[in-house]
Amino acid sequence: MKDNLLDIENVTVKYKVKNGNLFFNRYNDFKAIDRVSFTLAPSETLGLVGESGCGKSSLARAIVKLVRLESGKVTWLGKDWTLSQKNEDSQFKENIQLVFQDPLASLNPRMTVSEIISEPLENYRRELTSLQKKELVKQAMETVGLSSSMINRYPHEFSGGQCQRIGIARAIILKPKLIICDEPVSALDVSIQAQVINLLKDLQRRFNIALLFISHDLSVVKHISDRVMVLYLGRVMEIASVNDLFSNPTHPYSKALLSAIPIPDPISERQRKRDNLVGDAPSPIFPPSGCVFRTRCRNSTNICSIKEPEEKKIKLGHRVACHHVSY
Amino acid sequence: MSRLFEIKNLSVIFDTADGTIRAVNNISLNVNQGECLAIVGESGSGKSQTFLTAMGLLADNGRSSGIINLNGSNLLEMKRKELNKLRGNRIAMIFQDPMTALTPHMKVGEQIREVLVHHQGAGKKDSYKIIKKMFERVNIPEPDKRMQMYPHELSGGLRQRVMIAMALICKPDVIIADEPTTALDVTVQAQIMDLLKEVKTEIGAAIILITHDLGVVAGIADRVAVMYAGSVVESGDVFEIFYNTKHPYTLGLLSCSLSLDKKIDFLEAIKGQPPNPNKLPNGCAFNPRCNKVKAICKEKEPKLKFRQQSHLSACHFEFGVK
């Protein structure tokens, strides 16, 4: 497929966790990501949702090679990135930038805003003079709604929302093709959250950036995404366009997630019938056999504990991994 | 009839190196039995400080003035010993992060037993039975086993249930829940909110829910108080607040909170950011961010006024928008 920006095929990420006693070191493998596949088209937004521990962030890290892939393939613009050598990496990395969850922790406290935002330039645009760099930094700051007079301040002088804007300015300064946003708004207040979401949407339109938007908040994901992927314990449960997923959620987990989101409207919130999941998500180190969701699923039957469901295509661009979905 | 829990003209001031900070500014609130009051506001609006003061947990550099009445007696004037008889017994608190609120080196069963022994002088066998029953009540599976566990062995949802069990164990009159679900996943949040609703009807306790999530408020609250920069800017019945909003800040919060049932292209965000509490703007604290600001807003601080029966709003103007 030539048109896709990013092709992820059967990506698996494994971590080792220590599980020994005083005398023996034993390690358990656990799969944070298990055979996940998806594609991302240019200037598209894919929302990635799931509860904590479902592997959302691991997937983001795997894409930018911050963690090693156990198996699988990441293809960027038709080229296999997993095989590329270190010296070729810069071409890919230049085009993929990250925005992190904790705005203050992701900025170096001993660097000024101008140093933080121009750091990508130091790595990838060495030919520019310092004056040109400064000009670009100022432009980027204005683009994200920060006054360029604040260029010599330090991160602690800014509020959470402003720090997140600095993080975004750093991400857009190289004019990347893809920005991976790892829970960019969950640490912010509601009113600031709305500002940052508006900013991301606006930047995406202006610069044709694709977004991989990771969040646990489905209402944010609904607002910003074109397509949504639902993860549970490192497996894809459902992937569909925003309209399909929210009007016709097919996987029992997606249904439960949707019904758990509170609606800020007293009348409809109180009339709504909830079908709450029981219990917590099981430990990813010892996932249930067969379908990983079966321990919390209402519809689970014998087959669910024996066989892992395969992803079924129920319509174009809508895949579901459940035994009890007919197509 | 005297109110069950009442805050009158409470102010909280902190002395810091940067000068004095007015965290809470002359606020008045009350809750009746069996009622749920939601306190909504952004970080720094003073919502947590108000109730930490009520629990006697104010930091050393903080000073408070005003009255906080529980069943007619003022909590702020009490000696530590008297307060200790009430805390955990008649008034209990559920904290945001159960991992830091529970003692890490004590089994959770032991921690709850401590409360029982202190307030009711219960014996070992009795308290075991009471705790087991309470664990079953808050839907903790295998209560016998869980009581012997340490907080780190439990999942976030279970830890929060332990916290709720601990708060409920003496059947308090007032439960203060400070962002009880913010640290939890949505599916677990829904379970915990259902549990709180059941508790409210079952033991008839008053619940004060501190939160920033308007969705959570919509599901459980009877009345709502919206706080901004240390003051209550609007308060009233939950339906009034949501459908007959009077204050521009509340309106802004409502229009920028995302919902599954509406699809809008561009969110109407509130511009700017919450003010720094040690240099609040002149006049109305919300005026630099308000989109309906007039000259008077920059000069005079608006008073909380009745707009309708039991609906108060602190704005110079009557915005009956919506």
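Quick note on labels: first sequence line is chain A, next is B, and so on, each numbered from 1.
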Engineer: Mind ranking B:Asp194, B:Val217, B:Leu253 by heavy-atom pairs under 4.5 Å with chain A and telling me who comes out on top?
Structural biologist: B:Asp194

Engineer: Would B:His212 and B:Glu179 count as having a side-chain donor-acceptor pair, cut-off 3.5 Å?
Structural biologist: yes

Engineer: Please give me the minimum heavy-atom distance between B:Met163 and B:Phe95, naming the atom from each residue.
Structural biologist: CE-N, 3.0 Å

Engineer: Check whether B:Leu158 gets within reach of chain A through its side chain, its backbone, both or neither, counting any heavy atom under 4.5 Å.
Structural biologist: both

Engineer: Between A:Glu142 and A:Arg165 (salt bridge meaning N to carboxylate O under 4.0 Å), is one present in this structure?
Structural biologist: no

Engineer: Using modelled atom types only, decide if a donor and an acceptor are shared between the side chain of A:Glu157 and the backbone of A:Tyr154 within a distance under 3.5 Å.
Structural biologist: yes

Engineer: Pull out the residues in residues 229-241 of chain A that come under 4.5 Å of chain B, heavy atom to heavy atom, sorted by number.
Structural biologist: none

Engineer: For chain B, which of A:Glu269, A:His216, A:Arg270 has the most heavy-atom pairs under 4.5 Å?
Structural biologist: A:Arg270

Engineer: Spell out, as yes or no, whether a donor-acceptor pair under 3.5 Å connects the side chain of B:Arg146 to the backbone of B:Pro141.
Structural biologist: yes

Engineer: Counting only heavy atoms from other residues, nucleotides and ligands, does the tally under 6.0 Å from CD of B:Gln309 exceed 12?
Structural biologist: no

Engineer: Using non-hydrogen atoms only, which part of A:Gln193 is less than 4.5 Å away from chain B: side chain, backbone, both, or neither?
Structural biologist: neither

Engineer: Which atoms of A:Ile197 are under 4.5 Å from chain B, going by heavy atoms: the side chain, the backbone, both sets, or neither?
Structural biologist: side chain

Engineer: Side chain, backbone, both or neither: which part of B:Val238 has an atom under 4.5 Å from a heavy atom of chain A?
Structural biologist: both

Engineer: Tell me which of these, A:Gly50, A:Ser191, A:Ala194, has more heavy-atom pairs under 4.5 Å with chain B than the rest.
Structural biologist: A:Ser191

Engineer: Should the pair B:Glu234-B:Lys246 be classified as a salt bridge under the 4.0 Å nitrogen-to-oxygen rule?
Structural biologist: no

Engineer: Are B:Tyr228 and B:His247 an aromatic pair, judged by ring center distance below 6.0 Å?
Structural biologist: no

Engineer: Measure B:Asp213 against the heavy atoms of chain A and call it side chain, backbone, both or neither at under 4.5 Å.
Structural biologist: side chain

Engineer: Does any heavy atom of chain A fall under 4.5 Å from the side chain of B:Asn139, the backbone, both, or neither of them?
Structural biologist: neither

Engineer: Non-hydrogen atoms of chain A under 4.5 Å away: do they reach the side chain of B:Gln273, the backbone, both or neither?
Structural biologist: both

Engineer: If we define contacts as heavy-atom pairs under 4.5 Å, which of B:Val186, B:Thr187, B:Ile220 has the most with chain A?
Structural biologist: B:Thr187

Engineer: Less than 4.0 angstrom from a charged side-chain N to a carboxylate O is my criterion; do B:Arg159 and B:Glu153 meet it?
Structural biologist: no

Engineer: When only pairs under 4.5 Å are counted, which of A:Ser219, A:Ala260, A:Pro266 shares the most heavy-atom pairs with chain B?
Structural biologist: A:Pro266

Engineer: Any ion pair linking B:Lys279 and B:Asp18 (charged N to carboxylate O, less than 4.0 Å)?
Structural biologist: no

Engineer: Counting only non-hydrogen atoms closer than 4.5 Å, does A:Arg296 touch chain B with its backbone (N, CA, C, O), its side chain (CB onward), both, or neither?
Structural biologist: side chain

Engineer: With a 4.0 Å cut-off on N to O distance, would you call A:Arg205 and A:Asp202 a salt bridge?
Structural biologist: no

Engineer: Answer yes if the side chains of A:Ser58 and A:Tyr15 hold a donor-acceptor pair under 3.5 Å, and no otherwise.
Structural biologist: yes

Engineer: Do the side chain of A:Gln164 and the main chain of A:Pro184 share a donor and acceptor less than 3.5 angstrom apart?
Structural biologist: yes

Engineer: Who among B:Ala221, B:Pro274, B:Gly44, B:Gly252 has the most heavy-atom pairs with chain A under 4.5 Å?
Structural biologist: B:Ala221

